[in-house]
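I have placed the structure first, in the form of structure tokens, so that the comments after it can refer back to it.
Keep in mind that this is a model prediction, so the values were computed, not measured. Below, chain A is the first sequence line, B the second, and so on; all start at residue 1.
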Protein chains: 4
Amino acid sequence: MAFSEQAAGVYAITVTPFHPDGRVDAASLDRSTDFYLQSGVTGLTVLGVMGEAPKLDAQESIALVRQVVKRAGATPVIVGVTAPGFAPMRTLAREAMDAGAAGVMIAPPHTLRSDDQVVAYYRQASEAIGSDVPFALQDYPLAFSVVMTAEILRRIVTDNPSCKMLKLEDWPGLEKISAVRKLEADGRMRRISILTGNGGMFLDFEFERGSDGAMTGYAFPDMLVDLVTLSKSGQRDKAHDLFDAHLPLIRYEQQPGVGLAVRKYLLQKRGVIASDAQRNPGSALTATARAEVDYLLSRVARHDPRARL
Amino acid sequence: MAFSEQAAGVYAITVTPFHPDGRVDAASLDRSTDFYLQSGVTGLTVLGVMGEAPKLDAQESIALVRQVVKRAGATPVIVGVTAPGFAPMRTLAREAMDAGAAGVMIAPPHTLRSDDQVVAYYRQASEAIGSDVPFALQDYPLAFSVVMTAEILRRIVTDNPSCKMLKLEDWPGLEKISAVRKLEADGRMRRISILTGNGGMFLDFEFERGSDGAMTGYAFPDMLVDLVTLSKSGQRDKAHDLFDAHLPLIRYEQQPGVGLAVRKYLLQKRGVIASDAQRNPGSALTATARAEVDYLLSRVARHDPRARL
Amino acid sequence: MAFSEQAAGVYAITVTPFHPDGRVDAASLDRSTDFYLQSGVTGLTVLGVMGEAPKLDAQESIALVRQVVKRAGATPVIVGVTAPGFAPMRTLAREAMDAGAAGVMIAPPHTLRSDDQVVAYYRQASEAIGSDVPFALQDYPLAFSVVMTAEILRRIVTDNPSCKMLKLEDWPGLEKISAVRKLEADGRMRRISILTGNGGMFLDFEFERGSDGAMTGYAFPDMLVDLVTLSKSGQRDKAHDLFDAHLPLIRYEQQPGVGLAVRKYLLQKRGVIASDAQRNPGSALTATARAEVDYLLSRVARHDPRARL
Amino acid sequence: MAFSEQAAGVYAITVTPFHPDGRVDAASLDRSTDFYLQSGVTGLTVLGVMGEAPKLDAQESIALVRQVVKRAGATPVIVGVTAPGFAPMRTLAREAMDAGAAGVMIAPPHTLRSDDQVVAYYRQASEAIGSDVPFALQDYPLAFSVVMTAEILRRIVTDNPSCKMLKLEDWPGLEKISAVRKLEADGRMRRISILTGNGGMFLDFEFERGSDGAMTGYAFPDMLVDLVTLSKSGQRDKAHDLFDAHLPLIRYEQQPGVGLAVRKYLLQKRGVIASDAQRNPGSALTATARAEVDYLLSRVARHDPRARL
């Protein structure tokens, strides 16, 4: 059940549904798991940044993992275990694997600076969770302030056999995909799965550069699945047509801070979650912003009927 | 000739053209000034971040200002005078105004943290350049790491009568436009011009939120001018249609670091500048990236013939 | 048992003792609690930055709190509950108070920038843990990158009746003590306890400026207690003589990263903990560094026999 | 006249004296040059961080360099040329060398992250100023947020034959001195001069670790010279005695922001500069702070008569 370096397709970054009073909404969580599965995704990623992971305590976190893994059945679930220290990271990782997760994802702490610090961090993280736990490396400088060159990635992948996946959301990131694939082609690095994030802002070209798929949480995962299919079957123009139709909305959803409110509003409109509530510190859409999203939806709907909500 | 709090339309952020050997390309500079004027822009902004301002020494900076101001004639020119200290800021500001500039633009140093530090900085900056010099406040947290709430902006505007314009490129920034306009409507703050940047990524809604126009350097300033016209005349759908047609390219050009290479490549293709060379530290497009830009251009050209290059 | 705005004296920042294999060393933990109590401290602070708090998982954290609180008896114990989200913060805070802790301490996340963001954070934190839990506000820009002016502190204290203490370790911080005390004297802010940290580097003047004591973990808490006594009884020169005798060692122990290794080495030498081991990511002293510490100890010992180890 | 990799002793970081109205005080500048020379320093460093370099415009900067170089005669003068871009860096560096400077000093921009970025920056900087200009590399993470491991330093030194000196003010920095010297001893890196800064806070051990001297601006450069002499002649205890006597004041002067006000106050008291004025943004000592410095002086004076002011 563990994910491998061949992982491909769409891994949906899931939101964590809350009741307006702040409790985890278990019914919406099941409904959202079903929704992603019906959308045709290859896997799920829970407890990511956009899953409000730090806002759950240790018990809530593992409870959520167990519920999603059970519901997802054969669909692999990756669990974000990023933590300020290795002990809580290990605890969640081991419990998640025991619960049937396919692997974990680890982002670096914002304090890392030199190449050696980054490389040492991942060696220690891998030791902490155990070398039997496959992990995805999250490369997201905008959120974590840590810059990883292709060379740093090569060192981490080489050091840690259990590093099987790169969640690439550097900005810019297109050349980095090419650079990593070249390291592999030149025999300087073993193959890893590359899934891209960044809210999907560059998905149109990321496939062409050599990514294996997307790991992002755009509220239309079914469209992401179609995009992968079109790209993989060489229908370039059609892929771009579909992507471009959604781009104005993708771009709106990718705003820092506000983006999660947009995503939850859309998922609520699609009937996936009962409430778009966030735990503190959260954001909410003004009436004007909701009207803007609705207008964008109506424009997307001219090209993609799924946006008729 | 000084710009006022009524400034509106498109202020083009200009690039600085270089010869491949690194010298400023004066002929391209004139051609680029002519190009922007023919595009119908209201004004020009020179020596901004995307104008590679820090890469010019003091003599080159003022020489460039003089050349552009002279060529631009009646079109107002705003000069970026952001500097690590107030003395070089003052020197350039005074020389620029003597040369006929319409005002200056000032971004904050990345070290500012508390509200009081930000407010004090702009008071000292205004004192340094002289209260007779109108200035635009550049609010761009992604580049400068300084967060300015509407309240901070209100304090700066209230403190400094010569602050006439806000270059707003916060991300997210839509609600901030609304918040500033509300402060004005409530009589808590005098009116200022709001021009938006961020590479134009949210121009479609920024006009609707109350901005007076755009201050950005997208390689199709003529399209930006049309967009303002459509927005101001209430042709909402047409404005969004035009914007959406360009958004895939706008998004590609907005990538940090790489973006300037895209912009210069496009301006070179349009015949505006002779070379897309940058001074160190610069970036260059790979063949793959150039092909991606060309493909995006061909797609934009289906909707906008100006993109047929 | 809750601590109040009158808290004074020395609150020792405790280390977390580990066995060389990384397990928490419960015997050393008891011995260290006894040591601090015998040193005459007023209170203890556990799970601070120098207590390697993020390296413990949720179960280990509360187990440590329970053990120390029980051993400490009538001596108040403050628990660091800084966390990346409010749910884990709340869980630890409630469990700690149930176990008999005197209150908690909260440092801000490094992402806060504007005054409003800082103030909002503490309002939400206070709500999360419950308004019945007294908390100390940790103002430590060097570690947390968040700058709090006296005005920000005033707003937080005014907003949150349960904020009873300021752990002040800004650098520089002397004028801030004076500024906070002036706000109180002017009736603009209610009284709070001010304890200072920063490794003790400015303790000599902090008392004179109006601090109520020290909250730091220098390996000679008995000396800190003497320093408070001397300062409070007006023996200025003697206080400075004692402080100056220790300053070379205090300064050596205050080095970022390395400092904890120095502190644990000293506590091991004093027989307080069995091993100076740290969990990953940790630091260790080279032979040269140990010799330097030993030399400094021998020099301190000329003035203070407690340093004869 | 160029400085070499054998540079040793004390290079005084000079302050820039201003009149209360903000003009450079040329008479005090001469007096201060004389003072440093009479103190027995080996060299001078002008336009450093504590020389308020960014507050001077281009003309003032080179005028200051010319005045100091002329006055200093045979004593080498190093010029800080750190700038936001390579063109102004080059201009000042060339003009300074033409004026007779011994070399320049370059600090990295705060945006550098990965090893490759740091190494590339210094390669481009060296190209910009010309390979005939010896430069000192300033390694000061606290001020510049750039972390340089010994390996990064090795790469820069190896890449750039004109890199002759390391101004080391990492915190902690003792092990880095040892690491760099070991790289040299192992034949992995050519020799460079290591002078240490950090306000002198670790000078006592830095000599013992292998530094060649100090490059700092403590207001008692004559004491720094004595310290080098004592250290080099193996009088360890005497060196530490002298250092420890000054440490309380050194520590007070090393406070960020406030430190320069302390230094200028002391230099004014010593009769070196006419006014302790700083240009904006500056800091000033309160009456309480001045009294604290005076008290510290009186305590230092018990051991070192030079502190009787």
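- The contact list for residues 289-298 of chain D toward chain C, using heavy atoms and a distance under 4.5 Å, reads D:Ala289, D:Glu292, D:Tyr295, D:Leu296 by residue number.
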Report the C-alpha separation of C:Leu142 and D:Leu142 in whole Å, then their side-chain angles, then the decisive distance to 0.1 Å, and conclude whether the side-chain contact (heavy atoms from CB on, under 4.5 Å) test is met. CA-CA 9 Å; C:Leu142 182 65; D:Leu142 182 66; 3.5 Å; yes
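- Scanning residues 203-218 of chain C against chain D with a 4.5 Å heavy-atom cutoff picks out C:Asp204, C:Phe205, C:Arg209, ordered by number.
- Scanning residues 237-257 of chain D against chain C with a 4.5 Å non-hydrogen threshold yields D:Asp237, D:His240, D:Asp241, D:Phe243, D:Asp244, D:Leu247, D:Pro248, D:Arg251, D:Tyr252, D:Gln254, D:Gln255, D:Pro256, sorted by number.
- Residues forming a side chain to side chain donor-acceptor pair (under 3.5 Å) with D:Gln117 (at least two apart in sequence, or on another chain): none.
- Heavy atoms closer than 4.5 Å to chain D are found nowhere in C:Ser178, neither backbone nor side chain.
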